[in-house]
Amino acid sequence: MTLAPETTDLKVRLRLADGWFTACDLGALLPGRGVAALLPDGRQAALFRDRAGSLYAIDNRDPFTGAAVLSRGLTGTHRGRPFVASPLLKQRFDLATGQCLDDEEVRVATYEVKAV
Amino acid sequence: MTANPGGTPTIVLVGHGMVGQRFLEALAERGLTATHRVVVLCEEPRPAYDRVQLTSYFSGRTPEDLSMTDMEFIDGHGIELHVGDPAETVDREARTVTARSGLVVGYDILVLATGSYPFVPPVPGKDATGCFVYRTIEDLLAIEEYARKATTGAVVGGGLLGLEAAGALKGLGLTSHIVEFAPRLMPVQVDEGGGAALLRTIEDMGLSVHTGVGTQEIVVGEDGAVTGMKLSDGSELVTDLVVFSAGVRPRDQLARDCGLAVGERGGISVDEQCRTVTDPHVFAIGECALAADGRVYGLVAPGYEQAETAAATIASDEAAFTGADLSTKLKLLGVDVASFGDAHGTAEDCLDVVYSDSRAGLYKKLVIGRDGTLLGGILVGDAEAYGTLRALTGSVPPVAPESLVLPAGAGAPAQLGPSALPDDAVICSCHNVTKGTIRGAVTDHQCTTVPEVKKCTKAGTGCGSCVKVLGQLVTAELEASGVEVDKGLCGCFAQTREELYEIVLALRITSYQELLDRHGREEARGGDGCEVCKPAVGSIIASLAPSIGASGYVLEGEQAALQDTNDHFLANLQKNGSYSVVPRIPGGEIAPEKLIVIGEIARDFGLYTKITGGQRIDMFGARVEQLPLIWARLVDAGFESGHAYGKSLRTVKSCVGQTWCRYGVQDSVRMAIDLELRYRGLRSPHKLKSAVSGCARECAEAQSKDFGVIATSNGWNLYVGGNGGATPRHADLLAQDLSDAELVRLIDRFLMFYIRTADKLERTSTWLERIPGGLDHVRDVVVHDSLGICDELESLMAAHVSHYRDEWAETINDPEKLARFVSFVNAPDTPDPVVGFVPERDQMKPDLPLLTIGMRRTEEDVLEGSAQR
Ligand code: SRM
Ligand SMILES: Cc1cc2nc3c(=O)[nH]c(=O)nc-3n(C[C@H](O)[C@H](O)[C@H](O)COP(=O)(O)OP(=O)(O)OC[C@H]3O[C@@H](n4cnc5c(N)ncnc54)[C@H](O)[C@@H]3O)c2cc1C
Ligand code: SF4
Ligand code: FES
């Protein structure tokens with residue numbers, strides 16, 4: 001695995017079990033669009049930044065299809081809460097809690113995330 | 001004179017079924033529960049429930065769900081309800097009723113609403129264990145219990161209830177048979193043709209139907225339980241369970257015993273006020289009554305009307321029951337069946353209009369009088385038009401009757417909505433609610449939703465068949481009275497797509513955020529929008545880009561964040577997260593060199609290749625990081641994006657045409673290529689497809705396209721609004737014998753007018769059906785320039801054409817954009833491990849099991865944040 005060269009000052013970091021993990025430069029996150037990051041244990045996280053600058057990180061696997069694509073969905077605000085809609089079958093997930101808004105029994109993992 | 005002198009006058013109701021309950025409600029509405037003592041004797045172990053919906057018990061409705069009795073209503077009106085205590089005798093001299101418990105009640109008025117009982121033909125063995133009828137909740141519970149140890153069930157009787165019972169048996173997992181004495185199913189409601197359509201559909205569902213045979217004997221085993229039945233044709237049917245559904249008979253024994261007159265074939269004789277002809281103190285309503293018109297009605301709607309009539313008469317209001325309509329619409333085993341008015345055409349001199357499609361299980365018949373009056377009809381397989389047709393019965397329809405039954409596409413389908421109905425048309429026949437009453441609920445009673453109108457008028461609360469028309473009427477009425485019906489694009493914008501288009505064009509808004517913050521709904525401003533409006537607005541901005549000064553490149557700046565994933569990666573996302581690549585092959589014409597390039601690229605990247613339904617080649621299984629590499633080679637070989645991912649022009653299919661074909665009259669390939677190159681990249685509300693055929697044989701299937709062109713010896717015919725897909729529609733002819741230039745000009749105008757006025761994700765076919773005035777209006781606008789906007793439409797298209805650039809060529813030359821084409825932001829060279837392939841038929845396909853590995857959906861796992869790999 002080659003890691004991307006880090007070019008700007010602010011880094012996006014995720015909290016994993018054994019500490020903070022640097023995923024990418026803040027500049028790599030386009031507001032309203034996600035990116036996927038590969039974690040050391042092989043898991044994938046989908047990272048997002050909304051237009052207010054808040055950061056979110058959830059598991060990248062779409063629990064309905066198994067494909068690792070949540071980072072490629074469209075984001076939005078539903079009743080004041082940020083969400084991403086899966087690009088495959090369009091189910092929406094709350095970015096802060098991982099809760100699926102279209103099926104209360106489904107939830108994806110979330111990560112604590114900060115820019116430092 | 002009262003039965004208990006000095007006390008309040010007493011009304012005794014015998015039978016608490018559907019009609020009995022309605023009678024109580026009618027009493028309460030007229031204030032009679034306040035002035036009278038009301039006593040109800042109810043035979044069944046539970047108060048009134050919805051017998052019409054009985055079968056829904058098998059789809060999960062509980063007996064409580066079926067209940068029609070609100071105990072608050074009973075208690076609130078001081079009604080004395082005796083459940084499980086039937087009336088046994090009536091003494092008309094003393095005016096008392098004695099119940100089984102020994103209770104004796106004196107009455108001033110006695111109302112009999114005892115319903116009917118299922119008729120069981122007197123065949124040997126009819127009382128054996130395993131024989132049932134189908135009338136009460138208790139019957140259903142018993143059938144359900146017995147079916148647990150049965151594998152086969154037979155229903156005697158192929159009428160309405162028999163079919164329902166057979167469906168229920170099938171639902172319980174039994175192999176089901178229907179035995180009907182008449183030569184067809186539902187002999188009362190449908191005619192021969194309808195019976196045939198019904199038969200085919202029902203047999204297709206796996207039920208065995210035996211018509212034209214009678215049941216002669218129930219065969220019983222040693223333990224006294226059913227093992228089969230002997231039929232009149234000498235055959236024997238093996239079955240563990242029999243349900244008799246051979247019709248019903250009025251329950252008039254109580255009346256006979258106390259000397260009330262009954263009809264020859266049963267039913268308590270009443271006059272138009274529902275008063276028994278024998279005794280002015282006794283009324284009979286519902287299925288036990290023989291109405292003044294000489295009929296016993298077996299449907300709930302006439303029973304309700306009788307209940308109203310009796311209550312009104314008791315309150316000394318004028319009312320009369322002179323007969324009722326026998327219209328019914330049912331969903332039998334999932335098949336729509338409806339009959340209304342004079343369905344069998346018994347009126348003198350009447351004519352039939354019949355449409356029948358045996359393959360699709362469709363049968364529609366209208367009975368028309370000599371003067372054009374619609375008298376009745378039968379619909380099997382598609383009863384969509386039932387609500388409108390029933391309400392039009394008795395009048396001369398405003399359009400030709402054929403057009404009301406023909407399927408859309410055959411001839412010009414009439415769009416006759418409920419707005420065409422007169423105010424006195426009955427919309428809900430279960431509760432006899434007219435259009436006028438429904439409109440009144442909206443205008444006078446301020447109902448603003450369908451549930452409110454249902455509550456207020458009772459319309460739609462019976463069989464439910466009128467709910468669709470009800471919804472249309474409520475919306476129309478709300479609009480007419482100026483109440484705002486939310487037609488907004490989504491939760492973020494209160495405007496329609498068309499309104500947003502006008503705003504973007506007029507104010508030259510080039511940013512989604514600006515549009516949201518200035519024109520979005522209050523609560524959505526400043527937010528992040530949603531997945532519905534982002535691509536819709538992105539598309540509007542892209543369509544208008546050159547004219548409003550936005551970038552025409554969809555990955556530029558903020559626009560990139562608005563695109564659906566396909567447009568964002570300029571490729572089509574597949575189920576495992578890989579993408580497919582479709583280069584443009586204009587008109588389907590491709591030189592061997594280019595075919596070879598596609599073959600080489602597919603081979604080198606290990607892609608699956610397939611000829612598409614759109615006359616081009618799709619390469620599947622590309623990982624996101626491979627897309628730029630693939631496209632670098634494609635662009636190099638002269639290919640451009642095929643926009644298979646965009647809501648934009650897809651393909652213009654062609655036939656080989658005049659150049660080679662012995663029939664061709666114009667060069668269809670050249671025209672297809674010209675059109676495809678002209679409109680490529682044009683973002684629109686939905687995808688746009690086209691085709692050009694070289695003669696009327698139509699090998700390019702142009703009439704199934706958004707805009708299709710067919711060559712004539714004088715030029716070109718232009719067809720618009722065609723569609724394949726799930727709801728196919730043949731295109732309509734817009735103009736004839738056009739020159740090349742005229743053709744292009746008309747298409748320019750047509751497309752720009754569509755882009756301007758269509759809703760999001762609305763194909764030209766649905767748009768043409770929806771917009772007021774339809775095809776004629778569109779022709780007025782784009783051919784005759786009735787709105788004076790054609791110059792503008794043409795110049796918008798000219799701007800698009802002159803600013804077109806291939807978005808893949810642009811992307812591979814932009815390092816910043818290319819950086820987005822990676823699986824992982826922190827590991828650009830690492831492919832997504834979930835994307836894997838396995839071999840199939842000399843190529844490869846997605847490794848689907850790989851997608852399920854590690855996918856656990858239990859709450860526990862998720863809460864622990866455990867690995868989801
Ligand atoms: C690839 C192709 C099937 C094939 O292997 O042949 C295809 C594939 C898809 N079609 Fe199609 N359609 C393809 C030809 C057609 C045709 C035939 C034609 O164009 O002549 C039709 C019927 C004609 C029509 O559209 O009127 C067709 C009617 C649809 C529809 C139904 C549209 C409708 O109005 O009802 C959808 C769904 C939609 O767009 O909402 C659809 C949607 C799709 C989608 C986008 C579904 C999806 O979201 O994954 C598929 C993705 C394309 C991809 O991954 O590349 N596809 N699709 C064909 C690509 C043609 C091309 O060269 O671009
Ligand atoms: C499965 C099924 C489906 C149906 N589907 C439709 C449909 O789609 N559309 C439609 O219009 N109709 C339908 N019907 C017919 C409809 O249910 C009847 O028309 C309606 O229930 C008649 O109401 P009623 O009150 O006259 O009789 P019932 O509802 O039968 O009520 C009569 C009540 O009186 C009681 N009773 C009888 N004798 C005595 C006594 N001596 N003392 C006390 N109580 C007594 C009975 O136990 C019964 O509870 C269907 C019927 C069934 C069984
Ligand atoms: S449509 Fe006419 S010209 Fe074209 S291939 Fe068919 S027969 Fe030939
Ligand atoms: S027609 Fe049956 S509910 Fe309206």
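What you see below is based on every heavy atom in this structure, not just the backbone, and it leaves out hydrogens, waters and symmetry mates. Below, read A as the first sequence line, B as the second, and so on, with proteins coming before strands; counting in each chain starts at 1.
The two residues B:Val834 and A:Gly66 make their nearest non-hydrogen contact at CG1-O, 3.6 Å. When all heavy atoms of A:Ala28 and B:Val825 are compared, the pair lying nearest together is CB-CG2, 3.9 Å.
Only the backbone of A:Pro31 comes within less than 4.5 Å of a heavy atom in chain B; its side chain stays farther off. Only the side chain of A:Arg92 comes within contact range of chain B, judged by heavy atoms closer than 4.5 Å. When heavy atoms are compared at a cutoff of 4.5 Å, B:Ala819 does not approach chain A at all. Only the side chain of B:Val624 comes within contact range of chain A, with at least one heavy atom under 4.5 Å from a heavy atom of that chain. Proximity to chain B involves both the backbone and the side chain of A:Ala68, based on heavy atoms less than 4.5 angstrom apart. Contact of B:Leu848 with chain A is not made at all, since no heavy-atom distance falls under 4.5 Å.
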Hey, mind stepping through A:Gln44 and B:Asp832 against side-chain contact (heavy atoms from CB on, under 4.5 Å) and telling me if it holds? CA-CA 9 Å; A:Gln44 301 185 22; B:Asp832 175 0; 2.9 Å; yes

Chi angles and distances behind the side-chain contact (heavy atoms from CB on, under 4.5 Å) call for A:Thr65, B:Leu851: CA-CA 7 Å; A:Thr65 60; B:Leu851 292 176; 5.9 Å; no

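Interface check for chain B: of the options A:Thr77, A:Val84, A:Val35, A:Thr110, the most heavy-atom pairs under 4.5 Å are formed by A:Thr77. Ranked by heavy-atom pairs under 4.5 Å with chain A, the list B:Cys492, B:Cys530, B:Gly491 is led by B:Cys530. For the options A:Ala23, A:Ala37, A:Ala85, heavy-atom pairs under 4.5 Å to chain B are most numerous at A:Ala37. Residue with the most contacts toward chain A among B:Arg820, B:His568, B:Lys534: B:His568 (heavy-atom pairs, distance under 4.5 Å).
Here B:Asp517 pairs with A:Arg51 in a salt bridge; the nearest charged N to carboxylate O distance falls below 4.0 Å. The pair B:Asp528-A:Arg49 does not meet the salt-bridge criterion, since no charged nitrogen lies less than 4.0 angstrom from a carboxylate oxygen.
Screening B:Leu573, B:Thr565, B:Asn576 against A:Leu88 for a side chain to side chain contact (heavy atoms under 4.5 Å, CB included) leaves a single residue, B:Leu573.
At most 12 non-hydrogen atoms from other residues, nucleotides or ligands lie less than 6.0 angstrom from NZ of B:Lys575.
Atom CZ in B:Phe824 sits 13.0 Å away from atom SG in A:Cys24 (nearest 0.5 Å).
Between B:Glu531 and A:Thr75 there is no side-chain heavy-atom pair separated by less than 4.5 Å.
A distance-only check finds a donor-acceptor pair linking the side chain of A:Arg72 to the backbone of B:Gly577 [under 3.5 Å].
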